[in-house]
Protein chains: 2
Amino acid sequence: MSIEQDIQQKAFKSPYTKAVVNIMYTNNWLCTLQSDLLKRYDVTLQQYNVLRILRGQHPNPITVCGIIERMLDKMSNASRLVDKLILKDLVIRRECPHDRRQVDVIITDKGLALLAELDNQQSEWETALHKLTPEEALTLSHLLDKLRGSTE
Amino acid sequence: MSIEQDIQQKAFKSPYTKAVVNIMYTNNWLCTLQSDLLKRYDVTLQQYNVLRILRGQHPNPITVCGIIERMLDKMSNASRLVDKLILKDLVIRRECPHDRRQVDVIITDKGLALLAELDNQQSEWETALHKLTPEEALTLSHLLDKLRGSTE
DNA sequence: ACAAATTTAATGTAAAAACATTTGATGTCA
DNA sequence: TGACATCAAATGTTTTTACATTAAATTTGT
């Protein structure tokens, strides 16, 4: 359904307002889909995102600051998110040798294995997005970049 | 910046993954912008969204169920959101005459006045989005609709 | 070298969200 | 009608988020 039907609104003030509302609506749609999937593995969306960031660095460690920088939603409690992941043995925390303020976080084998399993699930539901051609998906990304002010 | 630079990731598995991450990232960017603005008026983003829904119906009432249906992020505590708005005299709650399970919610004059003020602020920051042409904004909306499976 | 400022991560706390349950009202159908 | 299912809204509870503060380590400037 188009965004007007979905939220039962007649018209938007401008194409920009419409785009903003549509981004938020679509984001929620995506988060719900993804969370439902992750729930079965007892991982939250935020935890999943942190795990992916850690895998991106593996086998190198990354500091808590580094995680925050890369997170999709910035927020202050990366520290506590890491706590949760440690409880599940998905990551380990290690004092950073050259700066004792910092803490290195590294994904464990168990964490990597979980991610591998989740990847399969992910690609499964991502097929649901193939109503868009690959070119259209790229155009979408490009428009979002431009919206945020990407000069690219 | 393009999404790769923003989150410091080299490459995405597919244009679809990239689009999904970009939607979430952009959503967060938008929410932060908007929340910062609303904070000055002591209104949360969710409360603002509910107020806009109520204005869309004004002068007709709408039930709590009706609000949930139209909310950008569905969630269970519309009831408590309405509580908060009542405390600020921005809405009133009234028993529904023909079905006593339901509760009608109506925006007050004070609520409408606040929205009018917020609208000005909104259009101010929305100019920040004009790096996109109106046509591009519409294309963006259309691609999002299609992504969600809109047959239009 | 040393006081002051800054940085990093952790923690305390209040508000909000997620999720389940409850309560009261209406609809269904044998 | 009356038992049962369903629905709307509110409420209880736990987890997560937002925001501020703290504590320790490092950097900066004199």
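Each chain gets a letter, A, B and so on, in the order its sequence line appears, and its residues count up from 1. The figures here come from the full heavy-atom set of this structure, side chains too, leaving out hydrogens, waters and symmetry mates.
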(Q) Between B:Leu143 and B:Leu147, does the side chain to side chain contact (heavy atoms under 4.5 Å, CB included) criterion hold? Intermediate values first, please. (A) CA-CA 6 Å; B:Leu143 288 174; B:Leu147 178 77; over 6 Å; no
Q. Taking CD1 from A:Ile62 and P from C:dT8, how many angstroms apart are they, rounded to a whole number?
A. 13 Å
Q) What is the distance from CD of B:Glu95 to C1' of D:dA8, rounded to the nearest Å? A) 12 Å
Q) Could you give the CG-to-P distance, from B:Leu85 to C:dA16, as a whole number of Å? A) 11 Å
(Q) Could you check whether A:Arg55 pairs with A:Asp119 (Lys NZ or Arg NE/NH1/NH2 to Asp/Glu carboxylate O, under 4.0 Å)? (A) yes
Q: With DNA chain C as reference, determine whether A:Lys39 or A:Asp83 sits nearer its 5' end, using the nearest nucleotide of each.
A: A:Asp83
Q | Euclidean distance, atom CD of residue A:Gln46 to atom P of C:dA17 [Å, nearest integer] | A | 14 Å
(Q) Rounding to an integer number of Å, can you tell me how far B:Asn77 CG sits from D:dT11 C1'? (A) 12 Å
Q) What do the steps show when you test A:Ser14 against A:Thr17 for side-chain hydrogen bond (donor to acceptor under 3.5 Å, both in side chains), and what is the final call? A) CA-CA 5 Å; A:Ser14 76; A:Thr17 312; 3.1 Å; yes
(Q) If you compare all heavy atoms of A:Lys88 against all heavy atoms of A:Gln47, which two are closest, and at what distance to 0.1 Å? (A) NZ-OE1, 2.8 Å
Q. Would one find a side-chain N or O of B:Arg93 under 4.0 angstrom from OP1 or OP2 of D:dA9?
A. no
Q. What's the CG-P distance between A:Asp42 and C:dC19, to the nearest Å?
A. 12 Å
Q: Find which nucleotide of DNA chain C each of B:Lys84 and A:Gln102 is nearest to by heavy atoms, and output the residue with the more 5' nucleotide.
A: A:Gln102
Q. Using 4.0 Å as the upper bound for N to carboxylate O, is an ion pair formed by A:Asp42 and A:Lys39?
A. no
Q) Honestly curious: do A:Ile107 and A:Leu38 fall in one hydrophobic cluster under the side-chain, below-4.5 Å linking rule? A) yes
(Q) As a test of reading the structure: which of C:dA10, D:dA10, C:dA18 is closest to the side chain of B:Ser79, going by heavy atoms? (A) D:dA10
N/O contacts under 3.5 Å, protein versus nucleotides 24-27 of chain D?
residue	atom	partner	partner atom	Å
D:dT26	OP1	A:Arg100	N	3.1

**Q.** Separation of atom CD1 in B:Ile68 from atom C1' in D:dA8, rounded to whole Å
**A.** 9 Å
Q. What do the steps show when you test A:Tyr48 against A:Gln34 for side-chain hydrogen bond (donor to acceptor under 3.5 Å, both in side chains), and what is the final call?
A. CA-CA 10 Å; A:Tyr48 176 59; A:Gln34 226 172 344; 4.9 Å; no
Q) To the nearest angstrom, how far is B:Leu38 atom CG from C:dA15 atom P? A) 18 Å
Q: For the side chain of B:Val103, starting at C-beta, report the closest nucleotide among C:dT11, D:dA9, D:dT17.
A: D:dA9
